[in-house]
Amino acid sequence: MKQRISQISLVVADYDEAIAFYTQKLSFTLVEDTVLSETKRWVRIAPPGSTDFCLLLAQAANEEQKRRVGNQTGGRVFLFLYTDDFWRDYNTMIANNVTFVRQPSVEEYGTVAVFEDLYGNLWDMIEPK
């Protein structure tokens, strides 16, 4: 048997503002945006060059979900974005006003920095050695 995780849901406050952030500031690709009902869409985004994993943007539908926006992991780093050129992507993100909460450092596993998305979710951006 072979299995893989193909996507993970990320609870967001608004579909369109989340799409704009990820596509314009992080250069992600909008893979799919399908209207399912008046209040629900199937919105998938992926990092540039990614073909096997997507984020499913899920707009918060009730108060419990709204409380989770930006803090799905209790303040821990939630997502890990690997890159083939750390400084290219870091400089692009800085130019796009992405907030880094931990500045770049060189670790034994690679170059890493922590940034936050528009809701405050923390991401590691890593160029592995």
Check whether any side-chain heavy atom of Met125 lies under 4.5 Å from a side-chain heavy atom of Phe80, and answer yes or no.
no
Below 4.5 Å, heavy atoms only, C-beta onward: do Asp52 and Arg4 meet side chain to side chain?
yes
How many angstroms lie between atom CG of Asn97 and atom CZ of Phe21, to the nearest 0.5 angstrom?
10.0 Å
SB check Asp33 Arg41 (cutoff 4.0 Å):
yes
Side-chain donor-acceptor pairs under 3.5 Å in residues 64-74, sequence neighbours left out?
residue: Glu64; atom: OE1; partner: Arg67; partner atom: NH2; Å: 2.5
residue: Glu64; atom: OE2; partner: Arg68; partner atom: NH2; Å: 2.6
residue: Gln65; atom: OE1; partner: Ala61; partner atom: N; Å: 2.7
residue: Asn71; atom: OD1; partner: Gly74; partner atom: N; Å: 3.1
residue: Asn71; atom: OD1; partner: Gly75; partner atom: N; Å: 2.7
residue: Gln72; atom: OE1; partner: Val11; partner atom: N; Å: 2.5
residue: Thr73; atom: OG1; partner: Arg76; partner atom: O; Å: 2.8

Within a strict 4.5 Å, meaning less than it, do heavy atoms of the Phe115 and Ile94 side chains meet?
no
Is there side-chain contact between Asp16 and Gln59, with at least one heavy-atom pair below 4.5 Å?
no
Does a side-chain heavy-atom distance below 4.5 Å link Thr29 with Ile45?
no
Closest non-hydrogen contact found for Leu26 with Met93 is CD2-CE, 3.2 Å
Is any side-chain heavy atom of Ile126 closer than 4.5 Å to one of Thr111?
no
Taking the side chain as C-beta and beyond, is there a heavy-atom pair between Leu56 and Ile8 under 4.5 Å?
no
Mind telling me whether Phe86 and Tyr90 have parallel, tilted or perpendicular rings, with 30° and 60° as the class edges?
parallel
Say you draw a straight line from OH of Tyr15 to CH2 of Trp42; how long is it, rounded to the nearest 0.5 Å?
10.0 Å
Any side-chain heavy atom of Pro48 sitting closer than 4.5 Å to one from Phe28?
yes
When you group the ILVMFWY residues by side-chain heavy-atom contacts below 4.5 Å and let the links chain together, are Val35 and Val12 in the same group?
no
Let's go through Leu81 and Thr83 carefully: what are the C-alpha distance in whole Å and the side-chain angles of both, what is the deciding distance for side chain to side chain contact (heavy atoms under 4.5 Å, CB included) to 0.1 Å, and is it a yes or a no?
CA-CA 7 Å; Leu81 180 64; Thr83 178; 5.7 Å; no
Roughly how far, to the nearest 0.5 Å, is SG of Cys54 from CD1 of Ile5?
13.5 Å
Do Val114 and Val98 sit in one hydrophobic cluster, given that two such residues count as connected whenever their side-chain heavy atoms are within less than 4.5 Å of each other, even indirectly?
no
When you look at Ser9 and Gln7, which way does the side-chain hydrogen bond (donor to acceptor under 3.5 Å, both in side chains) test go after all the steps?
CA-CA 7 Å; Ser9 294; Gln7 57 197 17; over 6 Å; no
Which pairs count as salt bridge (charged side-chain N to carboxylate O under 4.0 Å, His left out) when at least one residue sits in residues 112-129, sequence neighbours excluded?
none
